[in-house]
Amino acid sequence: MVQITHFYQEERSMSEETEISVFDILIKIDDNTWEVPIGYKAGMHVPGRIFVSGHLLGILEKETIDQVANVAMLPGIQKYSMAMPDAHLGYGFSIGGVAAFDKENGIISPGGVGFDINCGVRLIRTNLLENDVRPKLSQLLDDLFEAIPTGVGSKSRLRVSDAELDDIFINGVQWAVDKGYGVKEDLDHCESGGKIPGADPSKVSAKARKRGRPQLGTLGSGNHFLEVQYVDEIYDEELASVFGLHKGQVTFMIHCGSRGAGHQICTDHLQVLTQASRKYNIALPDKQLACAPAQSPEAQDYFKAMLCAANYAWVNRHVIMHWTREVFEKTFAEEFGDLGMHLVYDVAHNIAKLEEHTVDGKKTEVYVHRKGATRAFSPGHPDLPDDYRVTGQPVIIPGSMGTASYVLCGTKESMEISFGSACHGAGRVMSRKSAKSELHGEQVREELSLKGIQVRASQPSLIAEEAPEVYKSSSEVVDVVHDLGIAKKVAKLLPMGVIKG
DNA sequence: ATGTTC
């Protein structure tokens, strides 16, 4: 029997807590399901469920378990407070957290969405093969780096008026398609059609608008990227064929969010909801869990503003996709003709949505908070576009820089186990600070280059912060959700070139 | 993630 104990970061002072093993807290349900019992902390309304393999459990922080337990104390939570295999410490709610709250008796919390509202990812396929692209890869990446503004505080070459910003907040990708960015088909291949109704720009502050206006069509920083990839392996030929994927094919992936706009909207409303938590007498185990009753004006104002940021983020990824398509056209269309650059799908990783789920055999409406988690709806779900209704929803899981990304597919089991949710990515294991002090950007770049992966980034330190070794293995995380059955593996994608913020 | 320490 292997004894797995919890290892704290070095800077953390030794205390009696360091003696606690995760086995002292968690109850094993099956190989990939561990329960935080309802008695772990006084005030938990439901147990926690952490979906990890034995190995991933060994690197799970105790604080992440505490965050799962804290969320279980919030009013109106349904079934379980959950954490996906890529879970790690976040603001209030863990990243990788999934929690559903009753529409009438539950709460809405910005901490359950995160600062980067609708951070998400989209995958675009092409008709090109790996060997078509390799000879021109360097030039392609240079041109992409030129076309797509990256980095903190980067500004777009797209100028939108104040009135257009309202239109973007309300109509999302529909605005972009009407403007000539992308095509109508793209709308169907975004989660929620790239536009959630109910967004209200009057709930967005002047400051958030000011930050958001110049940033539409910018990649941002951190783990955000634009990656040129190829399909390395197909796990399910039938599903892959519906998604238009085959071995050797070149794809590109865009991972980014709502930039300064979403960040400011979260900051603004956190302030209001911190007051509201007191006003409505909600006992908070952690002030970062600030929230309000779902139907209160405070919670609804946040929700309506959050939807503005969500719609903005879809447009952001859409505009970046448009410019990327243009660069591919410029580089390859003369030689290869129609490049077939169809959007496979676009998923949100940080969002709260009002959805219908079955709880205790009854259909009920809940606010599902997914923070670093992906919707993974089942075959036949009415929210899916016609062409994917038979397969289930494509679930796009980006890897960390230089590692594999995955395409999975939603299942019936995800609806039963995890409110139609799966994991979102690799999950950090080393802080940005540690990564910067322990790793050197140029060395990481060199190591990736030896693996045939070219990186373009504004600063070498950013490469160090996002090095492969600072993340959990994406394949390990994906195997857990596949083995649990909450999403099914379809294809593995390997990077050829990365544009970093 | 983030006008990276309101």
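Heavy-atom basis, side chains included; hydrogens, waters and symmetry copies ignored. All chains are named by letter (A, B, ...) in the order of the sequence lines, taking the proteins before the strands, and each is independently numbered beginning at 1.
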Query raised in the report: Excluding sequence neighbours, so at least two apart, what forms side chain to side chain contact (heavy atoms under 4.5 Å, CB included) with A:D178?
Result: A:Q174
Query raised in the report: Can A:Q215 and A:R213 be counted as having a side-chain donor-acceptor contact under 3.5 angstrom?
Result: no
Query raised in the report: For A:G257, which contact category applies under a 4.0 Å heavy-atom criterion: base, sugar-phosphate, or nothing?
Result: nothing
Report summary line: Whole-Å distance, A:K500 NZ to B:dT4 C1', equals 15 Å
**Report entry** Gap between atoms CD and P, on A:Q215 and B:dT2 respectively (whole Å)
**Finding:** 8 Å
**Report entry** Test ring-ring contact (aromatic ring centres under 6.0 Å, His included) applied to A:Y367 - qualifying residues, sequence neighbours left out
**Finding:** A:F303
Requested in this report: Would you indicate, yes or no, if B:dT4 has its OP1 or OP2 atom less than 4.0 angstrom from a side-chain nitrogen or oxygen of A:R432?
Outcome: no
Query raised in the report: Roughly how many Å is it from CG in A:L462 to C1' in B:dT4, rounded to a whole number?
Result: 10 Å
**Report entry** Integer-rounded Å distance: B:dT2 C1' and A:K433 NZ
**Finding:** 18 Å
Query - Partners meeting salt bridge (Lys or Arg N to Asp or Glu O under 4.0 Å) with A:R259 (sequence neighbours left out) - result: none
Query - Contact residues, residues 469-477 of chain A to DNA chain B [heavy atom, < 4.0 Å] - result: none
Query raised in the report: Base, sugar-phosphate, or nothing for A:S221, non-hydrogen atoms under 4.0 angstrom?
Result: sugar-phosphate
Query raised in the report: What integer distance in Å separates A:Y91:OH from B:dT4:P?
Result: 17 Å
Query - A:S449 (side chain) donor-acceptor with A:E447 (main chain) under 3.5 angstrom - result: no
Requested in this report: Please work out if A:K155 contacts a base, only the sugar-phosphate, or nothing of the nucleic acid, heavy-atom cut-off 4.0 Å.
Outcome: nothing
Query raised in the report: What pairs with A:D167 under salt bridge (Lys or Arg N to Asp or Glu O under 4.0 Å), at least two apart in sequence or on another chain?
Result: none
Query raised in the report: Between A:Q264 (CD) and B:dC6 (P), how many Å, whole number?
Result: 11 Å
Query raised in the report: Does any pair with a residue in residues 264-292 of chain A pass salt bridge (charged side-chain N to carboxylate O under 4.0 Å, His left out), and if so which ones, sequence neighbours excluded?
Result: A:K279-A:E298
Query raised in the report: Rounded to the Å, how far apart are A:H224 NE2 and B:dT4 C1'?
Result: 14 Å
Query - Distance in angstrom units between A:H269 NE2 and B:dT2 P, rounded - result: 19 Å
